[in-house]
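Notes follow once the structure below has been shown.
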Amino acid sequence: MKKFALLGHPLAHSLSPLIHQAIFDAVGIKDTYDLIDLAPEELSGRLPGLLQTYQGLNVTIPHKQAVLPFLTGLSKAARRCGAVNTIARDGKGYNTDTVGFLSNGLPLVGGNILLLGAGGTARMMAFESVAAGANSLTLYCRTAAKAQALVSSLQAAFPTSGCQIEIASTPEALSDSLQSATVLLNGTPVGMWPHAGGCPVDPSLLHEDLVVFDPVYNPTPTRLLLNTRKKGGIAHGGLGMLVRQAIASQGIWNPELQLDTDALATAILPALTRHLLSDHPIKILLIGFMGSGKSAVGKVLAQKLGIGFVDLDEVLEQESGTSIPTMFATVGESGFRAVESHTAKRILSRPGSEVVSAGGGLPVFGANRTMIRNTNTLVVALDAPFSTLWERISTGPAGSRPKANGGEGSTEALYHQRRPIYRSFCDYSVESKSDNTPAQTAELVLQGLGLPSLS
Ligand code: NAP
């Protein structure tokens with residue numbers, strides 16, 4: 001039995017033990033993986049002993065560069081980016097984050113790369129992009145001195161590279177670079193739980209010719225990924241990188257195992273997704289016009305993800321003890337909207353991952369959209385032509401939808417008023433086809449989110 005460990009500080013919420021245990025289970029070995037929380041001032045005193053006790057170590061923030069003086073040698077990738085995340089028994093340092101990053105198959109060769117941030121992950125992605133033969137690399141970072149330092153170290157490491165390396169120093173320059181970029185790499189934590197409503201660039205600037213890589217994996221997916229897919233671009237998330245760097249570390253420590261990386265990564269994904277939905281809860285909010293199937297699809301979607309489902313309209317009726325048409329009649333639409341906003345905020349802010357279906361009017365109001373963005377919520381719109389929706393609305397119980405009481409003409413006018421709002425506000429849109437069952441539409445939502453079915 002071999003012993004491995006991760007050194008870092010702080011280490012709360014690390015997924016590494018779960019991933020390495022899943023690898024051990026999948027290949028049927030009894031090795032162990034510990035977490036060792038090591039403050040920076042403890043590193044020099046404890047590292048030599050830990051290298052004797054453990055057959056292999058992973059290293060994370062803040063030790064990735066600090067361990068370098070203690071190592072017997074460096075792999076090419078670790079030398080290139082000056083950071084180590086894996087140490088072998090013989091004391092040699094490796095950087096398997098590069099393996100995880102490159103496994104996405106991004107079109108780096110000849111690409112025009114826009115890189116956000118200048119921290120550890122950004123640095124690794126910058127070095128690998130230039131080494132791969134990018135045509136240009138533009139850095140955008142809120143701390144100008146850090147961007148300049150990264151440019152200087154790239155120029156020193158690749159003195160004869162044909163890659164044009166520059167800094168975008170204003171939001172306008174960022175916008176211009178994004179337009180001409182073929183690859184966007186996020187090296188910032190923007191969009192990470194508990195701020196899943198964040199996106200490191202204005203989503204409206206994303207375009208269909210863009211391939212995006214976002215190393216952030218909680219939530220899976222991020223808003224950046226969903227908005228890229230919504231625009232028709234290709235988007236890769238960070239969970240694959242996280243899993244593949246771990247498998248690559250095991251390949252260094254246990255070369256005799258001959259690990260099948262793709263099969264292992266696929267096998268580990270459901271357990272990881274379950275863990276993330278439980279440990280870093282998010283809401284998946286379904287929006288759309290009446291009749292788009294939010295409640296029916298939401299129920300199946302929640303079931304497939306093994307999380308709860310909430311129908312906001314049902315909650316409003318239960319808590320008020322009256323039906324929505326009666327609420328409209330007694331307190332008026334404005335009274336109803338006030339209660340609806342308040343209830344939506346409470347539900348979207350409460351603990352636990354859930355699928356939530358909203359009434360068609362909720363996202364129409366700017367204040368509600370702002371409120372939704374300030375919670376850990378990803379927004380999926382269910383879209384359909386008006387003819388499909390009217391067929392469903394007109395065959396439902398008479399008077400159950402106050403906003404359709406005016407008949408087909410006024411309901412269609414409302415549809416054309418609301419649909420552009422749903423489409424621009426949502427992070428991802430799925431067509432709720434007339435001949436699709438709720439299960440089929442829920443499957444399309446899962447595909448868009450890049451999440452596996454867990455049931
Ligand atoms: P880091 O070294 O702390 O660097 C973070 C960078 O983002 C810095 O340039 C920082 O700028 C910038 N930044 C931070 N907050 C920002 C904000 N609100 N707006 C704009 N820029 C901001 O972190 P890291 O280790 O590179 O990690 C970055 C992200 O990658 C993390 O969120 C992590 O989840 C993810 N990651 C994923 C994997 C994986 O396997 N999938 C592995 C490693 C990291 P300043 O210097 O100005 O603060």
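Scope of the values below: all heavy atoms of this structure, side chains included, with no hydrogens, waters or symmetry mates.
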Exercise for review: Using the test side-chain hydrogen bond (donor to acceptor under 3.5 Å, both in side chains), find all partners of R80 that sit at least two apart in sequence or belong to another chain.
Suggested key: E128
Exercise for review: Test V183 against L114 for side chain to side chain contact (heavy atoms under 4.5 Å, CB included), laying out the working first.
Suggested key: CA-CA 6 Å; V183 177; L114 173 59; over 6 Å; no
Test item: [X] side-chain N/O and [Y] main-chain N/O as donor-acceptor pair under 3.5 Å:
X	Y	result
N376	A196	yes
K231	L206	yes
R369	P363	yes
S153	L150	yes
T143	A145	no
S353	L277	yes
Q52	G49	no
Y54	D34	no
R123	C81	yes
N368	V364	no

Regarding [X] and [Y], does a basic nitrogen lie under 4.0 Å from an acidic carboxylate oxygen?
X	Y	value
R223	D427	yes
K230	E208	no
R423	D383	yes
K283	E354	yes

Could you tell me whether [X] atom [atom1] has more than 12 heavy atoms of other residues or ligands within 6.0 Å of it?
X	atom1	answer
K433	NZ	no
K2	NZ	yes
Q164	CD	no
H207	NE2	yes

Rounded distance [0.5 Å steps], [atom1] in [X] versus [atom2] in [Y]:
X	Y	atom1	atom2	value
S103	H236	OG	NE2	9.0 Å
T220	N218	OG1	CG	7.0 Å
N374	H195	CG	NE2	10.0 Å
L285	F425	CG	CZ	7.5 Å
T121	F213	OG1	CZ	8.5 Å
L362	K345	CG	NZ	13.0 Å

Exercise for review: Go through the steps to decide whether T53 and K3 satisfy the test side chain to side chain contact (heavy atoms under 4.5 Å, CB included), and finish with yes or no.
Suggested key: CA-CA 8 Å; T53 311; K3 288 173 62 166; 4.0 Å; yes
Which heavy atom in [X] sits nearest to a heavy atom in [Y], and how many Å separate them?
X	Y	answer
A78	G93	CB-O, 3.8 Å
P62	G8	CD-C, 4.4 Å
S177	T138	OG-CG2, 3.6 Å
Q440	N436	OE1-CA, 3.3 Å
F309	A302	CB-CB, 3.6 Å
S357	S295	OG-OG, 3.7 Å

Taking C-beta and beyond as the side chain, do [X] and [Y] meet within less than 4.5 Å on heavy atoms?
X	Y	answer
L116	C141	no
L57	L51	yes
T441	V430	yes
L74	K92	no
F365	R337	yes
R373	V379	yes
I234	L106	no
S180	N112	no

Point to revise | Evaluation steps, side chain to side chain contact (heavy atoms under 4.5 Å, CB included), between V201 and L184 | key: CA-CA 10 Å; V201 292; L184 172 66; 4.3 Å; yes
**Study point:** Partner of P221 under side chain to side chain contact (heavy atoms under 4.5 Å, CB included), chosen from I282, N227, T228, L226
**Key:** L226
Exercise for review: May I have the step-by-step check of side chain to side chain contact (heavy atoms under 4.5 Å, CB included) for H9 and L38, ending in yes or no?
Suggested key: CA-CA 6 Å; H9 181 73; L38 205 62; 5.5 Å; no
If you look only at distance, which donor and acceptor atoms sit under 3.5 Å apart when one is on a side chain in residues 239-250 and the other is two or more places apart or in another chain?
residue : atom : partner : partner atom : Å
R244    : NH1  : D262    : OD1          : 3.0
R244    : NH2  : D262    : OD1          : 3.2
Q245    : OE1  : N85     : ND2          : 3.3
Q245    : NE2  : L242    : O            : 2.9
S249    : OG   : N58     : ND2          : 3.1
S249    : OG   : T86     : OG1          : 2.8
S249    : OG   : T96     : OG1          : 3.4
S249    : OG   : Q245    : O            : 3.1
Q250    : OE1  : N254    : ND2          : 3.0
Q250    : NE2  : H20     : ND1          : 2.9

Check your understanding: Regarding Q258 and E256, is there a side-chain donor-to-acceptor distance under 3.5 Å anywhere?
Key -> no
Point to revise | H13 ring center near H280 ring center (under 6.0 Å) | key: yes
Exercise for review: Start with the C-alpha gap between K299 and D311, add the side-chain angles, then the distance that decides, and say whether salt bridge (charged side-chain N to carboxylate O under 4.0 Å, His left out) holds.
Suggested key: CA-CA 9 Å; K299 268 183 206 149; D311 182 326; over 6 Å; no
